[in-house]
Amino acid sequence: MNGPGPVAEEPLEPAADATARGFEVTLENFTGPFDLLLGLIAKHEMDITEVALAQVTDEFISYIRRLRAQGEDWALDEASEFLVIAATLLDLKAAKLLPSGEVENEEDVALLEARDLLFARLLQYKAFKGIAAMMGSRLAGEAARFPRQVSLEPQFAALLPELIWRTSPHAFAALAAKAMEPKPPAPTEVGLAHLHAPKVSVKEQAGILAERLRTGGPQSFAVLTADAEGTLIVVARFLALLELFREAVVAFDQQSPLAELTVRWIGPDSAWSTERLSEEYDEAPAEPAAEPEAEPEESNG
Amino acid sequence: MAEDSGTAGPGEAMPDLASLPGGAKAALEAVLMVIDEPATDVELGEALGLSPVRVRMLLRELQDEYDGRRTQVPRGFELRSIAGGWRIFSRSEFAPVVSRFVREGQTARLTQAALETLAVIAYRQPVARARISAIRGVNVDSVVRTLLQRGLIAEAGTHPETGAVLYRTTAYFLERLGIGNLSELPELAPHLPGLEHLGDFDDLVP
Amino acid sequence: MAEDSGTAGPGEAMPDLASLPGGAKAALEAVLMVIDEPATDVELGEALGLSPVRVRMLLRELQDEYDGRRTQVPRGFELRSIAGGWRIFSRSEFAPVVSRFVREGQTARLTQAALETLAVIAYRQPVARARISAIRGVNVDSVVRTLLQRGLIAEAGTHPETGAVLYRTTAYFLERLGIGNLSELPELAPHLPGLEHLGDFDDLVP
């Protein structure tokens with residue numbers, strides 16, 4: 001795969017802000033990957049119901065690359081969410097490069113499903129974003145009205161029925177403790193251990209693939225991912241293959257259009273290490289960041 | 001008019017409303033002056049010894065008067081039915097003046113992220129955090145906490161299978177939004193361009 | 001009282017009252033309808049950008065309208081001046097109806113929100129409303145009013161620096177809880193992990 005097209009280069013928000021205020025700041029005006037995608041789509045004046053997502057792929061991926069450049073400040077699950085979407089977009093882009101024809105094998109079907117799922121999720125998000133905007137203006141409008149809620153005049157207050165009280169001193173103390181519990185900031189560190197999505201290193205997966213291809217001969221992508229525990233690993237191996245291809249150490253063979261793709265090692269037999277791989281997925285190179293001028297506004301009316 | 005004084009409660013002899021200046025409508029108004037949370041037509045009817053139907057009729061007459069339907073001169077306040085009950089509010093045009101006296105109700109504005117999360121909870125309740133995250137594509141832990149603190153959402157038990165905490169919106173949410181109940185939320189469908197089958201996709205989202 | 005709360009209200013700029021429906025009189029009415037503490041003509045005039053003389057004139061017009069001086073049909077509420085301040089009350093003729101509503105319509109149990117607020121006051125007294133709000137994360141004005149009305153809390157002077165009204169619990173509260181004095185309140189510590197952050201809330205309070 002070729003690198004994404006160049007975009008205007010502007011500095012990102014300082015990372016310190018990103019940790020202090022969380023994801024939204026990292027993404028500046030965007031509240032998540034769907035928001036960003038919608039923004040990019042709006043920028044290109046495309047209708048998401050049309051199959052046009054692949055056109056925003058490059059921009060999206062370049063955006064993600066710059067976010068990845070912020071390294072550890074970026075919460076893992078948020079990063080992986082972006083990675084999954086980026087991978088789906090990559091799939092779609094790859095599909096565009098394939099000769100068009102009937103859908104035959106399972107991978108193509110899976111690819112179409114991935115696309116539909118992404119569209120569906122994007123549309124769903126778009127709907128909620130529209131509703132959220134409406135809610136925001138209603139809440140603001142309501143805040144301009146003040147309810148009458150005045151104290152009862154003493155002669156009426158005296159008539160209030162005797163209070164029913166069933167709270168013991170101990171229950172009362174527990175209530176106080178709960179009410180006064182400090183409200184901690186967002187759990188940026190908490191709970192990473194039990195996350196279903198472990199950190200997946202593209203470079204590490206590239207190492208595994210390289211080893212298998214050098215020793216095991218040509219293999220299909222299906223075979224290469226047969227032992228992957230979960231989607232993230234599959235995605236990482238897919239990205240790793242693209243990286244290996246860019247390094248010109250693997251080649252792809254395909255007997256006929258839409259036939260199974262076989263991966264073959266063409267690099268040196270030894271003395272090759274993943275150190276040579278680009279670090280764009282795993283670590284933070286000090287590459288200057290850029291910012292697409294995507295509009296955060298939604299595209300619907 | 002005298003149709004239903006049959007509800008005369010236990011405690012005390014019901015005064016003859018018709019004999020009072022302003023009649024039943026003014027009596028209703030008098031009660032509206034002392035409530036400090038929305039009151040239903042049933043509650044108001046019980047206090048006045050009137051049927052809920054009659055109370056609703058009177059409430060609507062009062063609404064028309066306050067809005068200046070006939071005189072073209074509205075009063076500075078309005079009568080609205082919100083979160084299942086009736087209550088008097090200052091008219092929104094006068095917010096800049098009123099807010100100098102009343103700090104109440106002056107809640108800080110919600111962020112875009114909080115609004116989106118609130119919207120998902122409102123339409124998918126009861127709903128677990130993971131599901132909200134899946135829809136919004138980001139971690140929503142801190143935003144959910146903010147909404148809980150603001151009293152806009154509350155916990156609603158746990159998911160029978162996963163055990164995940166579920167969330168729902170509160171009566172305060174309805175009140176802040178100025179609607180009577182959840183069915184008054186605008187339809188989600190018009191925001192979904194040509195996707196009648198979107199429900200199908202819900203199952204695909206973890 | 002008339003000081004600004006910092007939370008930017010909807011439009012801080014003074015609107016042109018004459019251009020609003022109902023004009024200055026409706027604006028005055030909007031304020032009178034929602035204030036709890038009676039306001040003087042001077043305070044009202046300052047908020048509205050009118051002279052006290054003009055305010056008194058408008059107040060008298062409103063009084064006449066509410067009393068039905070012209071229509072012979074009074075409203076269920078009246079505008080009364082108490083110790084120099086003005087506020088709207090339910091009309092005294094309807095006291096029997098209002099009494100009945102208060103006696104039978106009100107719940108005799110504290111809400112969860114009221115209980116929690118009471119708990120905060122009990123353990124942090126004397127404490128200002130703003131501080132309680134900061135600790136609970138929600139506006140507590142109306143809940144504090146309920147607790148005052150119920151005689152569970154009382155005012156306890158003002159904060160030496162901010163001048164904010166402070167609240168404390170009453171003897172009636174001790175009685176209801178079934179303890180002799182405040183030192184018999186159970187220890188809070190066992191329930192509270194991370195007490196060290198409690199001070200954080202002070203910074204949030206203006």
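Computed from heavy atoms alone, side chains included, the values below leave out hydrogens, waters and symmetry copies. Each chain gets a letter, A, B and so on, in the order its sequence line appears, and its residues count up from 1.
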Residues at least two apart in sequence or cross-chain that pass side chain to side chain donor-acceptor pair (under 3.5 Å) with B/E155, listed by chain then number, are none
Would you check if [X] and [Y] make a side-chain contact, meaning some heavy-atom pair closer than 4.5 Å?
| X | Y | answer |
| --- | --- | --- |
| B/L115 | A/L139 | yes |
| B/E116 | A/K129 | yes |
| A/E142 | B/L177 | no |

How far apart are the closest heavy atoms of [X] and [Y], and which atoms are they?
| X | Y | answer |
| --- | --- | --- |
| B/S99 | A/F146 | CB-CZ, 3.8 Å |
| B/E187 | A/I131 | O-CD1, 4.0 Å |
| B/Y123 | A/M135 | CE1-CE, 4.2 Å |

Distance in Å, [X] [atom1] paired with [Y] [atom2], rounded so as to fall on 0.5 Å steps:
| X | Y | atom1 | atom2 | result |
| --- | --- | --- | --- | --- |
| B/L185 | A/M134 | CG | CE | 7.0 Å |
| B/R136 | A/F34 | CZ | CZ | 10.5 Å |
| B/I121 | A/F128 | CD1 | CZ | 10.5 Å |

So, the part of B/A122 with a heavy atom under 4.5 Å from chain A: the answer is side chain
By residue number, those in residues 74-82 of chain B with heavy atoms under 4.5 Å from heavy atoms of chain A are B/E78, B/R80, B/I82
* Asked: Donor-acceptor pair, B/S92 side chain versus A/A144 backbone, under 3.5 Å?
  -> no
